[in-house]
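All values derive from a computational prediction rather than experimental measurement. What's counted below: heavy atoms across the whole structure, side chains too, no hydrogens, waters or symmetry copies.
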Amino acid sequence: MRRRNILSFTLATTLGVTSLFAANGMATASTLSNLQKQQQENHNKQNNVKSNINTKSNAIDKVKGDQQDVKAEIAKLDQAIAETDQKIKDKQTEIANTQAEIEKLKGEIEELKKRIAERNELLKQRARAIQTQGGSVNYLDVLLGAESFSDFIDRASAVTTLVNADKQIIEEQKRDKADLEEKQASVEKKLADLQSMLQDLNNMKSKFNSQKVQRNELLKELHKQQQHLEAEKLNLEEEQELLKSQDAAFAQAIKMEKGRLAELERQRKAAAAERARQAAAAAARASSGGSSDGGSESLPAITSGDFMRPADGYVSSEFGGRWGEFHYGVDIARGGNVPIVAAADGVVIRSYLSSSYGNCIFVAHSINGKQYTTVYAHMSTRLIGTGATVAKGQKIGYMGSTGESTGQHLHFELHEGPWTADKRNAVNPRRYINF
């Protein structure tokens with residue numbers, strides 16, 4: 001809104017000043033050129049703003065595309081996290097089953113340990129029996145000590161049974177120990193593998209979560225970028241609308257200025273005709289030996305340049321220090337009926353009787369886009385009123401000695417800008433006029 005207010009104020013100020021010049025007839029043809037230049041600058045600004053709007057739109061589309069890409073990546077990460085969670089649950093179930101299997105195996109191991117212990121005890125008993133009999137068992141003596149063939153058969157069968165029994169115990173002992181060791185190693189390895197896989201899955205899940213956090217932060221940043229770009233685009237669109245309105249206002253101002261220039265030209269022709277009429281009347285009075293103004297009068301010649309001398313006569317006092325004070329103008333003195341003319345085209349901003357300036361007229365001028373003010377003081381008669389439009393060389397009054405004056409003369413001031421009480425804008429009229 002602040003941007004809109006600033007642009008609206010600038011537009012209103014520009015057109016307001018233009019309207020003021022048009023109403024007062026103060027501007028020259030340079031005003032039209034300036035308006036046309038400003039209108040072209042306005043067109044250039046509109047093109048730049050349009051280009052910037054397209055740039056912002058493309059940037060917004062790119063950011064939106066980036067957001068869609070990031071959202072797709074986040075969706076993939078969510079799917080990967082969900083799959084990993086399921087795998088973690090499956091591994092946790094396998095670990096729980098393996099731990100139950102381990103508990104079951106512990107029972108079997110206890111049974112194996114018990115059987116091994118019983119066999120160990122049996123073997124110990126047989127070893128003690130052998131030691132008690134005084135040495136190792138000689139199965140050949142047992143067989144040869146048979147009292148009959150049938151006894152031999154029985155003894156042989158018993159020996160075979162004993163030998164096989166000892167051998168079976170030893171084999172079962174070896175097999176059970178190996179089975180026990182194998183089961184322990186297998187279950188421990190399985191549990192270790194499952195725990196390693198579970199750790200890998202947890203690490204993978206942490207990585208996916210970290211990536212998701214990064215993508216979410218990126219998505220937030222892209223969203224901020226989009227909001228910023230959309231705000232900039234909105235400002236540009238507002239500026240574009242204001243420039244369009246300003247363009248229409250410039251077109252209207254140019255139309256008004258063209259009409260004003262046409263009217264000014266008509267006024268100039270009318271003023272020239274009036275000067276010719278006044279000159280003809282003066283010539284007629286001079287030829288008849290009389291004058292309604294009390295004597296002959298001479299209008300200064302219209303010269304080239306922005307300003308002309310406002311009256312005939314000699315310079316009786318220059319611009320600068322005088323009598324301990326500063327003299328802010330040039331004094332032109334001459335006897336008789338001396339007409340005073342406008343030094344340049346302009347508008348009378350004040351025509352009145354002043355206690356110090358006497359009968360005086362203030363005229364505002366706009367030349368080449370710059371404002372000036374001229375002052376004509378101590379006149380005997382004022383012929384132009386406030387608000388009147390004057391042309392360069394047009395008679396506006398007669399030289400006199402009204403106000404704070406010691407003799408007939410014209411006190412003439414030229415200000416670069418508006419007239420002020422401290423006369424800070426006053427300049428030496430010789431800067432513009434050759435006296």
Side-chain angles (χ1 to χ4, degrees), residues 26 293-295 297-368 370-388 390 392-435:
M26 294 170 60
D293 294 329
E297 62 182 40
S298 174
L299 293 172
I302 299 176
T303 58
S304 61
D306 295 332
F307 295 92
M308 63 173 286
R309 64 180 297 148
D312 283 337
Y314 65 95
V315 176
S316 60
S317 184
E318 296 283 357
F319 179 91
R322 185 184 68 171
W323 307 330
E325 296 180 351
F326 197 92
H327 187 229
Y328 289 96
V330 169
D331 289 348
I332 303 173
R334 184 180 178 184
N337 293 322
V338 183
I340 297 171
V341 299
D345 296 344
V347 173
V348 177
I349 56 178
R350 194 169 188 191
S351 176
Y352 74 114
L353 177 62
S354 166
S355 60
S356 57
Y357 277 161
N359 280 315
C360 61
I361 292 176
F362 290 68
V363 180
H365 314 271
S366 178
I367 301 174
N368 298 325
K370 187 174 180 180
Q371 183 180 354
Y372 299 88
T373 305
T374 53
V375 179
Y376 311 80
H378 308 311
M379 292 189 292
S380 63
T381 305
R382 290 176 283 114
L383 302 178
I384 297 295
T386 300
V390 295
K392 183 179 181 181
Q394 180 180 342
K395 185 165 62 176
I396 60 175
Y398 285 91
M399 190 181 296
S401 185
T402 57
E404 296 178 0
S405 172
T406 57
Q408 178 171 300
H409 72 284
L410 168 66
H411 173 78
F412 176 71
E413 295 177 8
L414 198 156
H415 301 258
E416 292 180 340
W419 182 92
T420 59
D422 59 5
K423 302 184 181 180
R424 60 179 178 272
N425 294 327
V427 297
N428 191 339
R430 287 188 181 274
R431 182 181 299 181
Y432 296 93
I433 302 171
N434 182 13
F435 289 96

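For the residue pair Ala344 and Val390, the shortest heavy atom distance occurs at O-CG2, 4.3 Å. Contact between Ile340 and Ala311 at its shortest, heavy atoms only, is CG1-CB, 4.4 Å.
The structure places CG of Leu410 at 9.5 Å from OG of Ser316, a figure rounded to the nearest 0.5 Å. Between the NE2 atom of His411 and the OG atom of Ser405 there is a distance of 10.5 Å, given to the nearest 0.5 Å. Distance check: Gln408 CD to Asp331 CG gives 12.5 Å after rounding to the nearest 0.5 Å. Going from atom CD1 of Ile361 over to atom OH of Tyr376 covers 8.5 Å, rounded to the nearest 0.5 Å. With rounding to the nearest 0.5 Å, the separation of OH in Tyr432 from CD1 in Ile367 is 8.5 Å. Between the CD1 atom of Ile433 and the CZ atom of Phe412 there is a distance of 4.0 Å, given to the nearest 0.5 Å.
His327 and Glu325 are not linked by any side-chain donor-acceptor pair at a separation below 3.5 angstrom, with hydrogens and angles left out of the test. For Thr303 and Arg309, the side-chain atoms include no donor-acceptor pair closer than 3.5 Å. Defined by atom type and a distance below 3.5 Å, a donor-acceptor pair is present between the side-chain atoms of Ser351 and Arg382.
The aromatic rings of His378 and His409 are tilted relative to each other, their planes meeting at an angle between 30° and 60°. Between Phe326 and Tyr328, the angle of the ring planes lies from 30° to 60°, which puts this pair in the tilted group.
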(request) May I have the step-by-step check of side-chain contact (heavy atoms from CB on, under 4.5 Å) for Val427 and Phe319, ending in yes or no? (result) CA-CA 8 Å; Val427 297; Phe319 179 91; 5.5 Å; no
(request) Could you please spell out the steps behind the ring-ring contact (aromatic ring centres under 6.0 Å, His included) verdict for Phe435 and Tyr314? (result) CA-CA 8 Å; Phe435 289 96; Tyr314 65 95; over 10 Å; no
(request) Step by step, work out the side-chain contact (heavy atoms from CB on, under 4.5 Å) result for Leu414 and Tyr372. (result) CA-CA 7 Å; Leu414 198 156; Tyr372 299 88; 4.1 Å; yes
(request) Starting from the C-alpha separation in whole Å, work towards a yes-or-no answer on side-chain contact (heavy atoms from CB on, under 4.5 Å) for Val341 and Gln394. (result) CA-CA 5 Å; Val341 299; Gln394 180 180 342; 5.9 Å; no
(request) Quick one: do His365 and Thr373 satisfy side-chain contact (heavy atoms from CB on, under 4.5 Å)? Show the steps, please. (result) CA-CA 6 Å; His365 314 271; Thr373 305; 5.8 Å; no
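The side-chain heavy atoms of Val375 and Tyr357, taken from C-beta on, include a pair separated by under 4.5 Å. The side-chain heavy atoms of Thr374 and Glu413, taken from C-beta on, include no pair separated by under 4.5 Å. Side-chain contact between Arg430 and Glu318 is present, with heavy atoms from C-beta onward closer than 4.5 Å. Using a 4.5 Å cut-off on side-chain heavy atoms (C-beta onward), Ile396 and Leu383 make no contact. You'll find the side chain of Arg322 reaches within 4.5 Å of the side chain of Ser317, heavy atoms only. A heavy-atom distance below 4.5 Å is not found between the side chains of Val363 and Val347. Under the 4.5 Å side-chain criterion, counting only non-hydrogen atoms from C-beta, Tyr352 is in contact with Cys360. For the pair Lys395/Pro339, a side-chain contact is recorded, criterion being any heavy-atom separation below 4.5 Å from C-beta on.
Heavy-atom neighbours of Asn434 CG from other residues, nucleotides or ligands within 6.0 Å: at or below the threshold of 12. Remark: Arg350 CZ is loosely packed, at most 12 non-hydrogen atoms of other residues, nucleotides or ligands lying under 6.0 Å away.
Under the 3.5 Å distance criterion, the side-chain polar atoms of Thr402 are matched with a main-chain donor or acceptor of Asn359. Checking side-chain atoms of Asp345 against main-chain N and O of Lys392 turns up a donor-acceptor pair under 3.5 Å. Panel note: side chain Ser380, backbone Gly400; no donor-acceptor pair is recorded below 3.5 Å.
Under a 4.0 Å N-O distance rule, the pair Asp306/Lys370 does not qualify as a salt bridge.
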